[in-house]
Amino acid sequence: MVINMRSFTDIEKNRLTKLDRLRERGEDPFPNEVNRTHNIDQAISLLVESQSGFENESDDNIQVVLCGRLKSVRTMGKLAFAHIEDVTGRIQLLLRASEIGKERLKQFATDFDLGDFVEATGYIMETRTGEVTLNVSSFRIISKSISPLPASKEVQDDGESIVYSAFDNVESRYRERYADLAVNPHVREIFKTRSKIVTSLREFLDRRDFLEVETPVLQPIYGGAAARPFSTHHNQLHQDLFLRISFELYLKRLLVGGFEKVYEIGRDFRNEGVSVTHNPEFTQLEFYWAYANYIDVMDLTEQMLSFVAEQVCGSVIVNYQGNKLDFSPPWKRISMSDALIEYADIDCFNSTVGQLLDYCEQADIRKNNDITKGKLIETLFSKHVEPNLIQPTFIYDYPKDISPLAKAKHDNSEIVERFEGFIGGMELCNAFTELNNPVDQENRFIEMGKNYSKDSDDAHPLDLDYLRAMDYGMPPNGGFGMGVDRLVMLLTNQSSIREVILFPHLRSKE
RNA sequence: GGCCCACUAGCUCAAUUGGCAGAGCAGUUGACUCUUAAUCAAUUGGUUCCAGGUUCGAGUCCUGGGUGGGUCACCA
C-alpha cells in the first residue's frame, strides 16, 4: 500500500495523457531495447572525416542511430530543429515533413517533451549555418519524461540586458541532484574530475607497489581518530557495532601480518557537526608504509599531490578561490612551534599551561573542560596559523598528548613525529611516524583515558586486540590519511564540500 | 547550539508606506521549410515554507516552528 499519495502538477498530468496517446498509436514509451550505433561525438567526427558539406545527398551518406535526451525544440511549420544530448555531447536534429511525413512531424511537436529520451535514425549533414546535424528519417521515444526538468534557459529582459535563468537553488539542487546533473553540465564536470582524482591517486600508489585493501566498516571497537562514531546493531549476533571513524588500526594490523605497503580508499563516518568542510560521511585515503618515517611520507605526499594535480588539471598550478596554488615540490615545511612564533608570536613549547590559557583569552578562544598543553597549542594554531596556510604547507612536530598513535621524537619526549598538510587554509592530510611499541601504546591509551570522565562522549574504548597485534611485532612505519573530498574541492575550485559530494547529507524535510 | 540572511507559478525572479499576487522562460492552442535565447498571436498555471497573532485589509508587521545558506562555537 502506498502511504504517500503522489500528486501531479498540470504539466505532469498533461504528459501522462501523452503516454496514453503514444500507446494508442502502438508506440511503447519505455521500450526494452534500443539500437544506438554511435555516440554523439563519434557521429560528429564521422562527418569531419568524410569532408561532407551542406546537404550531401550522395549515396555514401553516413547512416547512424543516435540516442539522447531532448534538450531543445524549435518547430517551424513543416520542419523542426531539436537538440539531443548524450554523455559525449550534443547534436542538432532536423526533422522535415517532406521526409518523415506531416503527421509524424505533428506527433513530434505535440507528444515529445524536453527531457524525453529519444532514438533518432538518419544521416549526418551540415546545415546552412554550418552546424553538424542529423537529418532524421525516423525517430521514437525510448523513455518518456513525466516531470519537466528545471528550465535553465536564457531570457530577454525588458531592456537590452540578458538574464540567465539557471537551476541554482542550492537546496533544490542537493535534494534533487539528478535534476541538477541533468541540467547543469558544469556540475557533471565536477564529478568526472572527482573520478579522475581517485583514479589518479590509485595509479600513483599502485605504481609504487602499494596494495589496495578493504577493512571493516562495521567495527566492534572504533578508533584511530578523534571523533564520535555512529552506532548500530547486529540483530542475530546481539552485538553493538560502530561505523568506522578511520581505517588506521586495521591497516596497521596488516603490517603486523607482513604486508609492507597498504592503502585503502573508502568511507569514514563521524558523528559530528556538519560544515562547509565536514560531511558526516566522507572519503578517506590512508596508506601505511613499512620502514619509512614521517619525512619519507612528507616527500611522497608532495609527489603524490603534484602528480594528481598535473594529471587532473594539466598543471601543478591550480586556481582556487582567487589564489594560484602551486602543488609542485618541495612544499614549505615549518614546525608547529616555529609557525606559532611566526604567525602569532607565541613560543608555545616554552610556555606554561597558564600562559597558554592567557593567550587563549587574548584570542577570545573559549576554554573547554579537558585542558592540556597540547590542546591549547592546537587551539591557538587553528586560530592564528591555519587560515594563513594558503599555499601547500607541511606543519610538523606536534604535541604528544594530542597524538596518541604517533611516535615521540628520540630527543624530545613531549613532541611526536607527526605532520599535517594544509592548502587553501584547510587541513588536508595528517601523517606520522607510527608508534609501534605496544607497551608505549598501552600507556598512551591509558593516559588518554584519564582525560575523560567515564561517560564522556569523547572517551575511546581500549582496543586490546590492536595491542595484541602489536605484541607480535610491527615494523617501523609511516602512515598517512587524507580527506579526498577536500582534495576534490581544491582541484575543482569549490568552497563547499557539499558541491563535491553527489548526495550530501541534508536534514529530512517534514 | 548562538547570531545573521533567504523561502512567492515547473525554473529564475518582481511586488512602492500594510492596499486587486506579477514578469520572462517552460506548458497549452494556433501561424511559419535552415532554426539555434527561433519569431509572432492567444492562453493556462498560486496553501506567497507552516501555525498562530495584530489590522477594515498581511507576500509585507509580530510570535513560534520548518528547511537551506553564511558565520561563530563544539569537534583526545
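Below, read A as the first sequence line, B as the second, and so on, with proteins coming before strands; counting in each chain starts at 1. Side chains are part of it too, since the values below use all heavy atoms of this structure and drop only hydrogens, waters and symmetry mates. None of the values given here were measured: they were computed from a predicted structure.
Contacts of A/Lys106 with the nucleic acid, taken as non-hydrogen atoms under 4.0 Å apart, involve only primed sugar atoms and P, OP1 or OP2. Within the nucleic acid shown, A/Arg175 comes within 4.0 Å of sugar-phosphate atoms alone, with no base atom in reach, counting heavy atoms only. No contact: A/Lys102 has no heavy atom under 4.0 Å from any strand.
Side-chain nitrogen and oxygen atoms of A/Lys18 include none within less than 4.0 Å of the OP1 or OP2 phosphate oxygen of B/G27. Contact check, A/Arg507 against B/U67: a side-chain N or O comes under 4.0 Å of OP1 or OP2.
Using atom C1' as the reference point in both B/C56 and B/C3, the two lie 38 Å apart (nearest Å). Atom P of B/C62 sits at a distance of 11 Å from the matching atom of B/C5, rounded to the whole Å. Atom name C1', nucleotides B/U44 and B/G24: the rounded distance is 16 Å, in whole Å. Here, B/G65 and B/U12 have their P atoms 28 Å apart, quoted to the whole Å. With both ends at atom P, the span from B/A6 to B/C49 equals 12 Å, rounded to whole Å. Taking atom P on both nucleotides, B/A14 is separated from B/U33 by 40 Å, rounded to a whole Å. Using P as the reference atom, B/C50 and B/G66 are 15 Å apart when rounded to the nearest Å. Straight-line distance between the C1' atoms of B/G10 and B/G45: roughly 10 Å, to the nearest whole Å.
Across all strands shown, B/G57 forms no Watson-Crick or G-U wobble pair with both distances under 3.5 Å. In a base pair of the Watson-Crick type (N1 to N3 plus N6-O4 or O6-N4) or a G-U wobble (N1-O2 and O6-N3), with each distance short of 3.5 Å, B/G18 is matched with no nucleotide. Across all strands shown, B/C3 pairs with B/G70; the Watson-Crick or G-U wobble distances both stay below 3.5 Å. Pair assignment for B/G10: B/C25, on the basis of Watson-Crick or G-U wobble contacts that are both within less than 3.5 Å.
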Check against ring pair (Phe, Tyr, Trp, His ring centres under 6.0 Å), A/Phe269 and A/Phe242:
CA-CA 9 Å; A/Phe269 307 85; A/Phe242 301 97; over 10 Å; no

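In this entry the distance linking CZ of A/Arg104 with P of B/U33 reads 20 Å, nearest Å. For the pair A/Glu131 CD and B/C34 P, the computed distance is 15 Å after rounding to whole Å. One can place NE2 of A/His278 at 16 Å from C1' of B/G1, the figure rounded to the nearest angstrom. One can place CD of A/Glu499 at 9 Å from P of B/G70, the figure rounded to the nearest angstrom. The nearest whole Å value for the distance from the CG atom in A/Leu134 to the C1' atom in B/U35 is 16 Å. One can place CG of A/Asp116 at 14 Å from C1' of B/G27, the figure rounded to the nearest angstrom. Between the CZ atom of A/Phe167 and the P atom of B/G10 there is a distance of 13 Å, rounded to whole Å. At whole-Å resolution of the value, CD in A/Glu126 and C1' in B/U35 are 15 Å apart.
Checking B/G30, B/U35, B/U67 against every side-chain atom of A/Gln92, the shortest atom distance belongs to B/U35. Across B/U67, B/C75, B/U12, the shortest atom-to-atom separation from the side chain of A/Glu272 is found for B/C75. The side chain of A/Val276 sits closest to B/G70 out of B/G10, B/G68, B/G70. You'll find that the side chain of A/Asn14 is closest to B/U28, out of B/U28, B/G68, B/A38. Comparing B/U35, B/C75, B/G10 against the side chain of A/Arg74 picks out B/U35 as the nearest. Picking from B/G70, B/G45, B/U67 the nucleotide with the shortest atom distance to the side chain of A/Arg498 gives B/G70. Checking B/U33, B/C75, B/G69 against every side-chain atom of A/Val170, the shortest atom distance belongs to B/G69. Of the candidate nucleotides B/A26, B/G70, B/C11, B/C11 has the atom lying nearest to any side-chain atom of A/Pro150. Relative to the side chain of A/Met76, the nucleotides B/G27, B/U12, B/C34 differ in distance, and B/C34 lies closest. Side-chain atoms of A/Arg128 lie closest to B/C34 of the nucleotides B/A73, B/G27, B/C34.
Inter-residue side-chain proximity for A/Phe230 and A/Pro280 is flagged as met; some heavy-atom pair is nearer than 4.5 Å.
Here the side chain of A/Asp485 pairs a donor or acceptor atom with the backbone of A/Thr283 at under 3.5 angstrom.
The residue among A/Asp113 and A/Ser98 whose nearest nucleotide of RNA chain B lies closer to the 5′ end is A/Asp113. Nearest-nucleotide positions on RNA chain B for A/Pro148 and A/Thr75 put A/Pro148 closer to the 5' end.
A donor-acceptor contact under 3.5 Å is formed by the side chain of A/Thr127 with the base of B/U35. In terms of polar N and O atoms assigned as donor or acceptor, the side chain of A/Ser508 never comes within less than 3.5 Å of the base of B/U67 in a complementary pairing.
Of the charged side-chain nitrogens involved, at least one lies within less than 4.0 Å of a carboxylate oxygen, so that A/Lys409 and A/Asp397 count as a salt-bridged pair. Taking 4.0 Å as the cut-off between side-chain N and carboxylate O, A/Arg418 and A/Glu420 count as a salt-bridged pair.
Using bins of under 30°, 30° to 60° and over 60° for the plane-to-plane angle, the ring pair A/Phe419/A/Tyr294 lands in the tilted bin.
Between A/Val276 and A/Met489, the shortest heavy-atom contact is O-CE, 4.0 Å.
Partner of A/Asp111 under the salt bridge (Lys or Arg N to Asp or Glu O under 4.0 Å) criterion, chosen from A/Lys18, A/Arg21, A/Arg15: A/Arg21.
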